[in-house]
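Quick caveat, the model's predicted, so the values are computed rather than measured.
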Amino acid sequence: MRETTRFAIEITQHTGDLLLKYFRKNDLDTQIKWDKSIVTEADMAADQLIRDAIQSRFPDDFILSEEQERVATHQDDQSVWIVDPLDGTTNFNLGIHVWGVLITHLRKGYPDFAVLNFPLLDELYYAESGDGAFLNGKRIRVELPNKYRPLSFFACCSRTFRDYSVRVPYKVRILGSAAYSFCCLSRGSAIIAFEATPKIWDIAGAWLLVEEAGGVIDTLDGSRPFPFQSGVAYTGLNFPTLGAPDEAVLERSKEQIRMM
């Protein structure tokens, strides 16, 4: 494991400990953002912890976080960190355990390593470009259904059935965390994962995780989250993202999930 990956893991663990102090807090300060998503005082506290830690260790790097809503203004040779301090805020706010801390490092515009930590599930995923994907230190791979594991499911978001006509022949699970849908694909539990309106901080780490687990991932509309580009206001961009264990399933799923 790279030293920088270990550093990111430690940050997500410290952030998870902080978030647990807010979890199921009855008087949690909650606001609705311009895009109708939820932000809480827990999101903001976690965001501050992560940014302070990265800036202290890597003061020359650029950080894009969900809670900052910044235009990307990095230089081409500058390292970039993409942060979602609390993926699954609605779950968190409702006392549901599926939420996590996401940190992705980009080099030359593409994910280089990523850490996705889900504290209450005791699941810590990480991936390093060219070195594989891992869950709690054990290598993971995507899987097609087989005689030893005949069941699988289609992981998606609640907006999927509002905006798309879906003919996927699998059981459906809506988990409430964009990144966690792709984690389930990467470890072989889900056969397809789809998120209709994710932002780049939702999918940056998941994108690398799926690829390093042997899967394939693409956008449904041809948009390209990578390479990460300076001058782009990523807050206003959605990347409808579909992941699968191989190209055949991916292409078939593109035909089965159609915009209405």
Would a hydrophobic clustering, with Ile, Leu, Val, Met, Phe, Trp and Tyr connected at side-chain separations under 4.5 Å, put [X] with [Y]?
X: F182; Y: L121; value: no
X: I191; Y: L242; value: yes
X: V98; Y: L86; value: no
X: I11; Y: L20; value: yes
X: V168; Y: L144; value: yes

Would M44 and E41 satisfy side-chain contact (heavy atoms from CB on, under 4.5 Å), going step by step from the backbone distance to the final call? CA-CA 5 Å; M44 302 307 295; E41 60 181 304; 5.6 Å; no
Can you see which heavy atom on [X] is nearest to which on [Y], and at what distance?
X: L102; Y: D202; result: CD1-O, 4.1 Å
X: E212; Y: G130; result: OE2-N, 2.8 Å
X: S152; Y: S189; result: OG-O, 3.2 Å
X: T197; Y: N238; result: O-OD1, 3.3 Å
X: S181; Y: E195; result: OG-OE2, 3.1 Å
X: E211; Y: I217; result: CG-CG2, 3.9 Å

For the pair [X] (side chain) and [Y] (backbone), establish whether a donor and an acceptor sit closer than 3.5 Å, ignoring hydrogens and angles.
X: D131; Y: E128; value: no
X: R173; Y: A155; value: no
X: N136; Y: D122; value: yes
X: T219; Y: F239; value: no
X: E247; Y: V216; value: no
X: T160; Y: C156; value: no

Can you tell me how the ring of F58 sits relative to the ring of W81, calling it parallel under 30°, perpendicular over 60° and tilted otherwise? tilted
Is the Y164 to F194 ring centre distance short of 6.0 Å? yes
Output field: ring centroids Y170/F153 closer than 6.0 Å: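 When the ring centroids of Y170 and F153 are compared, they turn out to be at least 6.0 Å apart.
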Evaluate the side-chain hydrogen bond (donor to acceptor under 3.5 Å, both in side chains) criterion for residues D17 and Q13: first the C-alpha distance (whole Å), next the side-chain angles of each, then the deciding distance (0.1 Å), finally the verdict. CA-CA 6 Å; D17 291 341; Q13 291 171 330; over 6 Å; no
Just so I know, are the side chains of [X] and [Y] near enough to count as touching, which here means a heavy-atom distance under 4.5 Å?
X: W207; Y: T241; result: yes
X: I257; Y: F154; result: yes
X: S223; Y: P240; result: yes
X: D47; Y: E66; result: no
X: L237; Y: I200; result: no
X: T235; Y: K199; result: no
X: D52; Y: I50; result: no
X: R6; Y: E3; result: yes

Keeping to residues at least two apart or across chains, list the salt bridge (charged side-chain N to carboxylate O under 4.0 Å, His left out) pairs with something in residues 223-245.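 Counting only pairs at least two positions apart or across chains, the salt bridge (charged side-chain N to carboxylate O under 4.0 Å, His left out) contacts touching residues 223-245 are D218-R224.
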Does either side chain, that of R258 or that of S165, offer a donor lying less than 3.5 Å from an acceptor on the other one? no
Approximate separation, where rounding is to 0.5 Å, of [X] [atom1] and [Y] [atom2]:
X: L106; Y: Q78; atom1: CG; atom2: CD; value: 12.0 Å
X: C183; Y: I140; atom1: SG; atom2: CD1; value: 7.0 Å
X: D43; Y: Q48; atom1: CG; atom2: CD; value: 13.0 Å
X: M259; Y: L220; atom1: CE; atom2: CG; value: 7.5 Å
X: L175; Y: S158; atom1: CG; atom2: OG; value: 11.5 Å

Verify ring-ring contact (aromatic ring centres under 6.0 Å, His included) between Y234 and F228, making sure each step is shown before the conclusion. CA-CA 9 Å; Y234 282 96; F228 186 75; 4.6 Å; yes
Is the NZ atom of K171 crowded by more than 12 outside heavy atoms at less than 6.0 Å? no
Please name the residue in the list D84, D87, N91, T90 that meets the side-chain hydrogen bond (donor to acceptor under 3.5 Å, both in side chains) test with S177.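 Option passing the side-chain hydrogen bond (donor to acceptor under 3.5 Å, both in side chains) with S177: D87.
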Please evaluate residues L19 and V101 with respect to the criterion side-chain contact (heavy atoms from CB on, under 4.5 Å), reporting the C-alpha separation (whole Å), side-chain torsions for both, the decisive distance (0.1 Å), and the verdict. CA-CA 9 Å; L19 288 169; V101 182; 3.7 Å; yes
Row check, Y125 ring normal vs R187 NZ/CZ: under 6.0 Å, within 45°: no
Which donor-acceptor pairs under 3.5 Å do side chains of residues 109-120 form with protein atoms, sequence neighbours excluded?
unit_1, atom_1, unit_2, atom_2, d
D112, OD1, R2, NH1, 3.0
D112, OD2, R2, NH1, 3.4
D112, OD2, H105, ND1, 3.4
N117, ND2, T12, O, 3.3

N-O pairing of R252 and E255 below 4.0 Å: no
Could you walk me through whether W99 and F23 pass the ring-ring contact (aromatic ring centres under 6.0 Å, His included) test, one step at a time? CA-CA 10 Å; W99 51 266; F23 187 61; 5.7 Å; yes
Test log, rule side-chain contact (heavy atoms from CB on, under 4.5 Å), inputs L64 and V83: CA-CA 6 Å; L64 179 72; V83 174; over 6 Å; no
I would like to know whether Y126 and L209 meet side-chain contact (heavy atoms from CB on, under 4.5 Å); could you show each step before the answer? CA-CA 7 Å; Y126 75 88; L209 188 76; over 6 Å; no
